[in-house]
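Okay, structure first, notes after.
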Amino acid sequence: MCGIVAILNTTRYEDSVKQTISALERMEYRGYDSSGIAFIDKEHTLHRICSVGKINNLYTKCSSIDGTCSAIVGHTRWATHGIVTVENAHPQVTGNIAIVHNGIIENYNELKNIVNEPFTSNTDSEIISQLIFHYMKTGMTFKNAFLKTITMLEGSYAVAAICSDCPTTMLGAKKGSPLVVGSDQNHIYMASDAVALSQMTPNITYLEENDVIVAEQGSFQILENGTQQIHRNSVPNTISTENIDKGEYEDFMIKEINEEPAAVSNAYNKFKCSVNIEKYSTIHMIACGSSHYVCILAKYIIEKQKKIRIITEIASEFRYRCPVLNKDTLYVFVSQSGETSDTLGAMRLVLSQNMDTLAIVNVQESSIAREAKHCIYTNAGVEIGVASTKTFVSQLVTLLLTAGIDIPVMEVCKSINKVLNNTKNIFSTAQTLIKHKTLLFIGRGVCYPIAMEGALKIKEITYTPTEGYPSGEIKHGPIAIVDNTVCSVVIAINDDLYEKTMSNMEEIKARGGNIVTIGYKSNNICIDDEEMPSIFASITAVHMLAYYAAKLKNLDVDKPRNLAKSVTVE
Ligand code: F6R
């Protein structure tokens, strides 16, 4: 969460404000409650401009300023410590120091005792600029004060710092949060991810844990653990800006839902497996949010078809419950972003005990992809909408192929396309949903994780209280909420559990609850009969349903409130 960017103009003063804000816009998926920039002008004065809300507000605020500078830092925020205000936005400035930070400084309260200046924000991050400023006052250089400061920080950080007394220096450090660096003839760049630098530098270097960047006198060095200079390979920055364009679509989310057939084919055609899962007695799948639901869905299919024992678990629980690990188990970490802090933390725990790990990741060169023993990319392409859609189906394809289950890709894509063309029925079902205060998504077997996925999407982008539940479980409690203000979305494909789900639907009807259905013989959103295609088509249907419900409520589907796409804090 939070995106940082920093530019050092190495040969001349340049107005880098627009470039910085464009980079922030490309990272807006990381957080978008406030944003800001700080730059050093020709007179060596430090300017800070911040605004609350989407980056567009910052753009408007900066539209008429002269941003000619030697160095600039920028930030887009997802609030952790301190409410959303201009004061709590980044860059945080103390005296002549400006910093931008992604991560959480866990010992910031303790560190406050070291410094004397009054704090101007409620953030944990301000301690970084305060400490650098403090150590410079004791006589240290900017670089040494920065190095000293980062040794004192507990928690996670990707941080960039500039100092108006050293206008040609830019410093950065990484621990637990991603940071990339790149350069061209006239600039050195740092950012949270490659997307931010996609129009700026053709090559980028991914920093390793505890690396420090020292950019000065026109070039940069990477210091391992802040001490020894080290060479890190650079890679081509292949992310094209075309992929991060809405094209003909109104929103990224609907564009990405429409890309679900392509995501299925790409995941299938580009699948490359480097691990033989037959040698393991158990597959333990670990993930967060929608990626976790994909694991549950894959478990149902794989256990039934392949008789392989699968365990699924939420990463934030797994990592702190002192799990007993097993050499006969393959630990599979599923993540779109490859940066989710809990999934990464869980994977590091498994790696620290020398167990086998497989990452199933969409973002190439992300931390989870790079650190896992084996990695398979899902190849869904860049996903910008905060709610995951096309990556969900690509993760499912990848997990099934990994388990040796073939997928009838043509039939799957055909069934998804039928759903995509069924806008009229999905739209009218969404109209029914938004008339209700509370929603209940239910399903059995493979339809249970799809119900949870539907409920999560509805919550995320329509803010409607919604439960996702196994159909057979509602009589054990949730049915108590049913009355005519509740609408239940019943998901049932043509499988051996269909009749049972229909009975559960009758139980809801008998209590005055309203119903819409997705699946076999549905009057609302009818899905093809074949099992595998119908699973994928039902996923697309819940994505579309959530999308239209949010549009009918006039909400921002791509950037729902309180969320961020890349969850790099625990
Ligand atoms: C839901 C959603 C989130 C993510 C979760 C894990 O629409 O997008 O629940 O699935 O934050 O993210 P990744 O897959 O990047 O680890």
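Order of listing sets the numbers, starting from 1, for every ligand and every atom in it. Fair warning: this is a prediction, and the values are worked out from it, not measured in the lab.
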Kindly write out the residues that satisfy salt bridge (Lys or Arg N to Asp or Glu O under 4.0 Å) with Glu106, not counting sequence neighbours, or none if the list is empty.
none
Which protein residues have a heavy atom closer than 4.0 Å to any atom of ligand 1, listed by chain and number?
Cys288, Gly289, Ser290, Ser291, Ser335, Gln336, Ser337, Thr340, Val386, Ala387, Ser388, Leu456, Lys457, Glu460, Val567
Side-chain donor/acceptor pairs under 3.5 Å, residues 291-299, sequence neighbours excluded:
residue: Ser291; atom: OG; partner: Gln395; partner atom: NE2; Å: 3.1
residue: Lys299; atom: NZ; partner: Ile310; partner atom: O; Å: 2.7

Under 4.0 Å between a Lys/Arg side-chain N and an Asp/Glu carboxylate O for Asp193 and Arg30?
yes
Could you check whether Lys414 pairs with Asp528 (Lys NZ or Arg NE/NH1/NH2 to Asp/Glu carboxylate O, under 4.0 Å)?
no
Summary of salt bridge (charged side-chain N to carboxylate O under 4.0 Å, His left out) pairs that have at least one residue in residues 429-443, sequence neighbours excluded
none
For the atom pair OG1 (Thr402) and CD1 (Ile283), what is the distance rounded to the nearest 0.5 Å?
9.0 Å
